[in-house]
Amino acid sequence: MKRGSLSIQFNWIFILIAGAVLFAFFIGITMYQGDQAKKERQYNSLVNFEATLSNIEQSVTNSKESFRTFQVNGAEFENICDDIISEIKVRDSDFSFPSTTSIMFSKEYLEPGSKDVWVSNWDAPFRVSPFVFMDDRGTAFIFWGNEEYENGELNKLNDAFPKGFSKYNITGPNDPIFNNIVAKRYVIITMQSTISWGKGVDGEFKLINIIPDSGSRFEGGGKIDFYELTSESQAIRTGSSRFLKRESVFGAIFAENKEMYDCNMRKAVSRLKWLAEFHHNKAKELKANTVLTDSCNSAHYINTITQLSSLQTITIANMDTFNDKTSTIDELNADLVKRSCPVIY
Amino acid sequence: MKKSQIQLGESTAVVIIIIVFIFLGLVIYFQFWKADQTTKNEEQREILAIELATKVSYLPEPHCTFQGTASSNCYDKIKLEFMNASRNNTKWRNYYYDYFGYAKIEMTQVYPYEINYILYENQKDELSQSGQPVFIPSRIYNSLTDTYAFAYLTVTKYT
Amino acid sequence: MKSKSQIEIMGLVVIVIIIAIGFFSYLAFILNTEPVEPIVEYSQDQLAQTFLSSLVKTETYCDLSFDKVVQDCSLEQNLVCHGNTSCQVVNDTIEIILNKTLNTWGYAYNLTIENLNIEYLNKNCTAKSDRGTQGIELITLYGRGDVLLTLDMCR
């Protein structure tokens with residue numbers, strides 16, 4: 001080969017290598033930018049979600065409850081609540097924010113799309129915390145009841161749900177209404193002493209059975225059984241928990257499973273104990289300093305102090321037994337109002 | 001010198017001068033970027049302080065409540081006294097750290113007489129920087145005398 | 001241009017000038033952008049209303065709330081408290097509170113009580129100034145009209 005032609009070949013090789021390196025460089029830059037853009041989108045989605053959750057919780061500062069629909073965009077979220085950690089995380093990423101002070105009952109994974117959010121204050125008996133209930137728009141809430149006692153209570157539970165949710169009433173699994181319901185997810189709510197389902201189902205189904213304590217109602221205290229429905233017509237009980245006040249019943253309906261319900265109720269009960277101690281101290285202070293009159297004196301605070309003291313022993317395992325105590329504290333406080341005495345809360 | 005050597009020297013000088021200019025430009029740009037970042041950090045601290053002030057506004061603990069309903073911008077004197085007395089308690093600080101992080105929250109009554117309550121104080125270390133505080137006028141309710149005093153809440157975020 | 005080298009030097013000078021113009025234009029753009037001040041914006045939007053709503057319920061040194069003293073000042077002016085009339089009490093209360101709050105914080109404001117011809121200004125905050133959201137409180141005179149309190153925070 002002549003020296004000139006060899007030189008030309010080497011030139012081409014050099015150009016190819018240089019070109020490949022430049023090409024790889026630019027492709028690398030593009031991929032890096034794409035990755036950065038994805039991370040930025042995830043981060044912005046997380047910031048928006050946190051701000052929305054904060055706004056939702058604050059919306060009930062001066063009212064009992066509120067309902068709204070909002071859009072989750074840009075990322076799928078994970079609602080993590082267990083003994084070690086409580087956070088809202090962007091799935092498959094490191095972005096998260098702590099939700100230690102938020103009590104949110106929802107599915108474990110929150111895909112992008114429309115979400116219905118209902119927030120209601122848990123008053124036990126004083127303001128403890130807002131409970132946030134979140135589910136996909138289009139989830140069917142099916143109230144399964146018959147004409148007996150349960151149906152009366154079940155209707156009240158149905159009425160307590162905001163109109164924005166898709167609600168249905170059925171008498172049983174063979175009710176034609178049930179066969180015609182088309183939804184992404186089905187939550188069946190009932191109040192029966194025993195569960196006999198007997199119909200195979202296909203799809204995402206969950207069943208909650210609410211059993212108020214004797215003499216109590218769903219607004220009081222009792223037990224909740226969680227069930228899974230299978231294609232083999234079975235209703236398998238996956239766990240049991242206790243409830244106190246109606247907001248915890250709603251929590252069980254919206255929570256993905258018993259574990260999420262228990263974890264959130266542990267946070268709520270921990271907060272209740274903290275506030276019970278707070279109000280206990282206020283009551284002691286009022287007892288010591290209230291100017292004595294016929295209608296208002298320190299004796300009117302003694303019973304409240306005792307009740308608040310015992311409220312500090314509440315746990316998620318025994319919370320249903322505290323329904324009467326919370327009602328008593330509420331009555332005592334109302335009595336203070338009637339007497340024009342300084343109130344506890 | 002040969003013509004080609006002059007040519008080469010000229011090309012090299014041009015390249016060197018351009019590199020020097022680009023380098024100088026980058027240095028100046030970096031200085032301005034650094035100043036901009038400092039401003040952004042300060043802005044971020046202020047935003048966090050406002051978010052924190054909003055959080056304090058909806059916690060039921062220090063607020064006046066009438067039959068369970070919290071009254072906005074109204075704080076209960078007895079509850080404030082309790083919070084002030086508890087603020088150095090480790091259990092107290094750890095509990096509210098989840099809500100407030102590193103911050104200082106105080107209530108200053110200015111009329112009819114002056115008194116100061118520190119509701120929460122948690123500084124990471126002596127080197128923490130504090131942003132501009134947020135002031136929120138409020139009133140303090142004394143349930144024993146059924147009267148209100150003029151006060152303001154000061155929220156300072158540490159980073 | 002006679003020689004090639006002169007042309008080349010001209011080219012180099014043009015490049016340098018273009019780079020310099022571009023860079024300084026960018027700097028000018030950056031420096032002219034007004035910084036956002038979140039706390040100042042928050043204060044101007046929220047503070048006026050919260051200030052007034054806290055003021056009207058405040059207990060004065062007459063053992064009466066501020067709104068009651070304003071009512072007396074607007075109507076009969078029967079109240080005498082530690083040698084002061086109700087209108088003097090209104091002025092004293094506002095002055096003390098303003099000195100310990102808005103004046104200390106350095107805010108520009110304009111506080112007026114229309115029926116009583118009371119006006120407090122700080123840092124030239126007039127009707128022509130750029131203002132945030134106005135705070136308003138009404139104190140009823142029980143069928144004889146209302147007393148209007150307004151507070152404007154100037155930017």
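Quick note on labels: first sequence line is chain A, next is B, and so on, each numbered from 1. Computed over heavy atoms, backbone and side chain alike; hydrogens, waters and symmetry mates excluded.
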Participant: Report which part of B:Ile78 has an atom under 4.5 Å of a heavy atom belonging to chain A: side chain, backbone, both, or neither.
Facilitator: side chain
Participant: Which region of A:Asn289, side chain (C-beta onward) or backbone (N, CA, C, O), has a non-hydrogen atom less than 4.5 Å from a non-hydrogen atom of chain B, or is it both or neither?
Facilitator: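 Both backbone and side chain.
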Participant: So which heavy atom on B:Pro60 is nearest to which on A:Val128, and how close?
Facilitator: CG-O, 4.4 Å
Participant: Can you tell which part of B:Lys77 gets under 4.5 Å to a heavy atom of chain A, answering side chain, backbone, both or neither?
Facilitator: neither
Participant: Under a 4.0 Å threshold between the charged nitrogen and the carboxylate oxygen, would A:Lys282 count as salt-bridged to B:Glu81?
Facilitator: no
Participant: Side chain, backbone, both or neither: which part of B:Tyr141 has a non-hydrogen atom closer than 4.5 Å to chain A?
Facilitator: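 Contact with chain A: none, neither part.
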Participant: If you look at every heavy atom in B:Ser143 and A:Pro342, which pair is closest and at what distance?
Facilitator: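 Heavy atoms only, the tightest pair is O-CG, 3.3 Å.
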Participant: Mind checking whether B:Tyr95 and A:Arg271 have side chains closer than 4.5 Å, heavy atoms only?
Facilitator: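 Yes, close enough: below the 4.5 Å cut-off.
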Participant: Any side-chain heavy atom of A:Tyr345 within less than 4.5 Å of one from B:His63?
Facilitator: no
Participant: To the nearest 0.5 Å, tell me how far A:Thr101 OG1 sits from B:Phe100 CZ.
Facilitator: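 Here the interatomic distance stands at 9.5 Å.
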Participant: Counting neighbours of CG on B:Asn89 that are heavy atoms of other residues, nucleotides or ligands and sit closer than 6.0 Å, is the number greater than 12?
Facilitator: yes
Participant: Check whether B:Asp146 gets within reach of chain A through its side chain, its backbone, both or neither, counting any heavy atom under 4.5 Å.
Facilitator: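 Contact with chain A: none, neither part.
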Participant: Within the supplied structure, the quantity of interest is the number of heavy atoms (other residues, nucleotides, ligands) at a distance under 6.0 Å from A:Lys287 NZ; does it exceed 12?
Facilitator: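 Atom NZ in A:Lys287 is not packed in, count stays at 12 or less.
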Participant: What part of B:Tyr99 lies closer than 4.5 angstrom to a heavy atom of chain A: side chain, backbone, both or neither?
Facilitator: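 For B:Tyr99, backbone and side chain are both near chain A.
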Participant: Looking only at heavy atoms, what is the nearest atom pair of B:Glu61 and A:Phe278, with distance?
Facilitator: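 The answer is O-CE2, 3.4 Å.
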Participant: Return the option, out of A:Gln58, A:His279, A:Lys64, with the maximum number of heavy-atom pairs under 4.5 Å with chain B.
Facilitator: A:Gln58
